[in-house]
K.L.:
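Questions regarding the structure given below will be posed in turn.
Numbering of ligands and ligand atoms starts at 1, following listing order.
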Amino acid sequence: MTPEQIIITDVGPRDGLQNQPKVLRLEQRIALIEALSAAGLPQIEAGSFVSPKAVPAMAGTDQVFGSLQSTGFKTSTIALIPNMKGYQLARGAGVKTVTMVLYASDGMAQKNVAMSMAEAEEVTLEILRLAKQDGIEVIATIAVAFECPFDGPTDPAVVETIAAKFLAAGADQLVLADTIGAAHPQQVRELTAALVANHGAERLGCHFHDTRAMGLANVYAAVESGIRRFDSSIAGLGGCPFAPGASGNVATDDIVMMLQQMGFETGVDLDKLMQASDLAQVLTGTAPGGRSKAWLQGYLAKQAS
Ligand code: COA
Ligand code: ZN
């Protein structure tokens with residue numbers, strides 16, 4: 001029987017690097033993206049088109065995409081955008097897939113992009129309309145889908161309403177983001193099961209942070225509901241500079257290990273993933289490296305001998 005596939009998007013070069021005190025040079029960002037591609041990650045969030053004043057680490061994302069295109073880079077790359085200007089810049093840079101951020105709270109929308117939830121929805125609908133004409137895919141990500149650092153716990157009904165609206169509007173994917181890593185597996189299971197029951201799993205994905213050490217458990221809960229798309233970050237890098245308390249994403253190192261052991265196909269080569277993880281740690285000097293890395297390295301060394 002062919003193993004069932006799970007598609008992992010490594011968001012390290014965006015979610016990971018945006019929150020680092022150290023700003024990487026363009027060639028370092030590109031080297032990390034290339035290492036992730038070499039490890040077999042099928043999708044990579046390679047940067048964001050945001051104000052360089054707001055997020056200095058993402059300045060020059062147009063050049064990152066330009067350089068990848070000029071070298072015939074084949075792996076699917078995604079750019080995060082916060083607003084219409086971001087969409088226009090991404091389109092100008094030849095980006096084929098954008099992640100546009102929606103919000104399950106007004107507090108987070110205001111702090112992140114100085115908009116209300118409703119304004120972000122309106123802009124996203126307009127971006128979806130343009131993207132259809134431009135042949136660009138749109139991933140709609142709902143930030144603070146479980147809890148907001150400003151407005152507290154999120155009502156699941158709010159998330160369900162936004163999800164239904166944007167799936168109906170033709171979003172290519174709809175991702176639930178636990179921006180600050182506050183969700184627990186029971187909540188995740190209930191919300192993802194309800195969404196899968198109403199919309200099917202095909203276009204749904206999840207994005208977890210590991211702040212309270214529940215990242216992997218949340219991935220498992222979502223897998224149990226039928227979700228087959230996950231964001232994760234190499235070496236557990238990550239966090240949002242505008243969401244106090246957010247720590248790293250669930251580490252790609254950990255999620256790949258768990259899913260492969262459960263018999264899912266991720267397309268990722270663990271040896272090469274460890275090389276990408278080492279690179280992320282060397283470049284940033286701060287990546288935690290996930291929680292399984294020491295064991296994984298020992299296991300891989302034993303396999304090789
Ligand atoms: N890319 C680059 N520059 C942008 C931009 C974008 N997507 N959107 C706006 N700008 C620029 C404007 O041109 C303006 O530049 P100027 O000061 O040189 O004239 C400046 O940013 C402020 O623009 P304005 O429309 O007044 O923005 P704002 O103050 O209402 O909102 C954001 C600020 C949204 C641009 C800024 O906070 C941002 O980029 N946030 C990104 C948040 C983020 O990345 N969060 C983590 C990922 S979810
Ligand atoms: Zn995130």
K.L.:
Please state which protein non-hydrogen atom is closest to atom 33 (C) of ligand 1 and give its distance, to 0.1 Å?
P.N.:
V113 O, 4.8 Å
K.L.:
Provide, to 0.1 Å, the distance between atom 9 (C) of ligand 1 and the closest protein heavy atom, together with that atom's residue and name.
P.N.:
N83 ND2, 3.8 Å
K.L.:
Who's the nearest protein heavy-atom neighbour of atom 40 (N) of ligand 1, and how far?
P.N.:
N112 O, 3.4 Å
K.L.:
For the pair R189 and E224, find out whether any cationic side-chain nitrogen is under 4.0 Å from an anionic carboxylate oxygen.
P.N.:
no
K.L.:
Taking heavy atoms and a distance under 4.0 Å, where does V55 meet ligand 1: side chain, backbone, both or neither?
P.N.:
side chain
K.L.:
Students often mix this up, so state it plainly: with edges at 30° and 60°, are the rings of H207 and H209 parallel, tilted or perpendicular?
P.N.:
tilted
K.L.:
At what distance is the nearest protein heavy atom to atom 20 (C) of ligand 1, and which residue and atom is it?
P.N.:
S51 OG, 4.6 Å
K.L.:
Under 4.0 Å, heavy-atom basis, I'd like to know which part of M58 is in contact with ligand 1: side chain, backbone, both or neither.
P.N.:
neither
K.L.:
I'd like to know whether ligand 1 has K53 as a neighbour, heavy-atom separation below 4.0 Å.
P.N.:
yes
K.L.:
At under 4.0 Å between heavy atoms, which part of L89 makes contact with ligand 1: side chain, backbone, both or neither?
P.N.:
side chain
K.L.:
Is R14 near ligand 1, meaning one of its heavy atoms is under 4.0 Å from it?
P.N.:
yes
K.L.:
The Zn ion (ligand 2): which protein N, O or S atoms are under 2.8 Å away?
P.N.:
D15 OD2, H207 NE2, H209 NE2
